[in-house]
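Report on the structure given below.
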Protein chains: 2
Amino acid sequence: MKNAQEHLISKGIHPSHQRVAIMDYLLKHRTHPNVDEIYSALNESMPTLSKTTIYNTLKLFEEKGAVSSISIDEKNARYDAFTQPHAHFQCIQCGAIYDLDLNQEPTLSDETKSEFTILNTQIYYKGICPKCKTPEK
Amino acid sequence: MKNAQEHLISKGIHPSHQRVAIMDYLLKHRTHPNVDEIYSALNESMPTLSKTTIYNTLKLFEEKGAVSSISIDEKNARYDAFTQPHAHFQCIQCGAIYDLDLNQEPTLSDETKSEFTILNTQIYYKGICPKCKTPEK
DNA sequence: TAAAAATATTGTAATGATTACAAGTATTTA
DNA sequence: TAAATACTTGTAATCATTACAATATTTTTA
């Protein structure tokens, strides 16, 4: 597990108390939390933390490439500190989001690649997760 | 160009005046419009059309598989009457959304495919579109 | 070190997309 | 044609996110 403070510094982000706590949470909880979940989780140990700070911080992290935001859930943005390319799956029953590894990345034609500058790729799957498929286990 | 009314009937949707107008707009404008854009476009010829009806109608269309909704733009949902699988690109400068054809679809491992039931796949690219790359053309 | 400047955090209020709801209108059924 | 059903509408509520202004903290500089 990477150290949150060092991770922030390596991305050129000043490691304030709040920022370290938020990054630490993201590194330890690979559940693609939304702002509310981060807020609830950190509120116990940091009662003065404000939700605005979480919004500001995640925005900064994203600009600096320290997290990526996932729009698989239409309701709210979700965040992932694991920025290597991978696909996401959301269960339409329980809402959980999983990382999925691809056997084969999608590819565009050479013509498309020359016309468009691709900066970011997101691959989202939706369906039923293993837990919801066999609930009594 | 497919006829909007027939298209609705084939999907088991009663073709009311409003529904036909909305589907007709989607079939004729492959720009992945959001609710506001549909509303503004149709308001001239149907001044009594309400935005709530557009929301209700698009929800119904989606349930019946007549359109798919795209969450590539975090701000608002966008709609596409072309339901065959294809990827989408959004320009981070002008916001326009393009359809992209894939040379190669992404593939999951057999193990993942047996564990997860995949019902829907969305592939989003972001970057700079051809028009914004060479604006003086 | 102390004052000044810059940066970070906070709480409240505003915004804007979407949904809930209740009433009205149109269509279908009997 | 009357009753039942389905569809549409406008207003109000909800909820995630952003704007903003005031504090607090940290860094810089003299």
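Sequence lines set the chain letters: A, B, ... in the order given, protein chains first and strands last, and positions in each chain run from 1.
- What separates CD1 of B:Ile38 from C1' of C:dA17 is a distance of 14 Å, to the nearest Å.
- Across the protein-nucleic acid pair, B:Glu74 atom CD and D:dC15 atom C1' stand 17 Å apart, rounded to whole Å.
- Dashed line: the shortest gap from a side-chain N or O of B:Gln18 to OP1 or OP2 of C:dA26 is not under 4.0 Å.
- Ring geometry for A:His86 versus A:His88: interplanar angle over 60°, hence perpendicular rather than tilted (30 to 60°).
- If you measure from atom NZ of A:Lys75 to atom C1' of D:dA16, you get 10 Å, rounded to the nearest angstrom.
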Nucleotide N/O to protein N/O under 3.5 Å, stretch nucleotides 25-28 of chain D:
none

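- One distance of note links CG of B:Leu26 with CZ of B:Arg78; it measures 12.0 Å at 0.5 Å rounding.
- In this structure, the CG atom of A:Asp73 is 13 Å from the C1' atom of D:dC15, given to the nearest Å.
- Interatomic distance, A:Ile22 CD1 to A:Leu58 CG, rounded to the nearest 0.5 Å: 6.0 Å.
- In this structure, CE of B:Met46 is placed 12 Å from C1' of D:dC7, rounded to the nearest angstrom.
- Taking atom CG of B:Asn43 as the reference point, atom C1' of D:dG10 lies 14 Å away to the nearest angstrom.
- Atom pair A:Tyr39:OH and D:dT17:C1' shows a separation of 15 Å (rounding to whole Å applied).
- Per the geometry, CD1 belonging to A:Ile13 stands 16 Å off C1' belonging to C:dT9, to the nearest Å.
- With ring centers used as reference points, B:Tyr98 lies under 6.0 Å from A:Phe116.
- Two residues, B:Arg78 and A:Ser16, neighbour DNA chain C, and the one matched to the more 5' nucleotide by heavy-atom proximity is A:Ser16.
- Checked against the 6.0 Å centroid threshold, A:Phe61 and A:Tyr79 do not count as a close aromatic pair.
- Rounding to the nearest 0.5 Å places NE2 of B:His29 at 14.0 Å from CG of B:Asp80.
- Within residues 50-60 of chain B, the residues having any heavy atom under 4.0 Å from DNA chain D are, by residue number, B:Ser50, B:Thr52, B:Thr53, B:Asn56.
- Other residues, nucleotides and ligands place no more than 12 heavy atoms under 6.0 Å from the CD atom of A:Glu44.
- With rounding to the nearest 0.5 Å, the separation of CG in A:Asn34 from OG in A:Ser69 is 12.0 Å.
- Looking at every heavy atom in both residues, A:Ser68 comes nearest to A:Thr83 through N-CG2, 4.0 Å.
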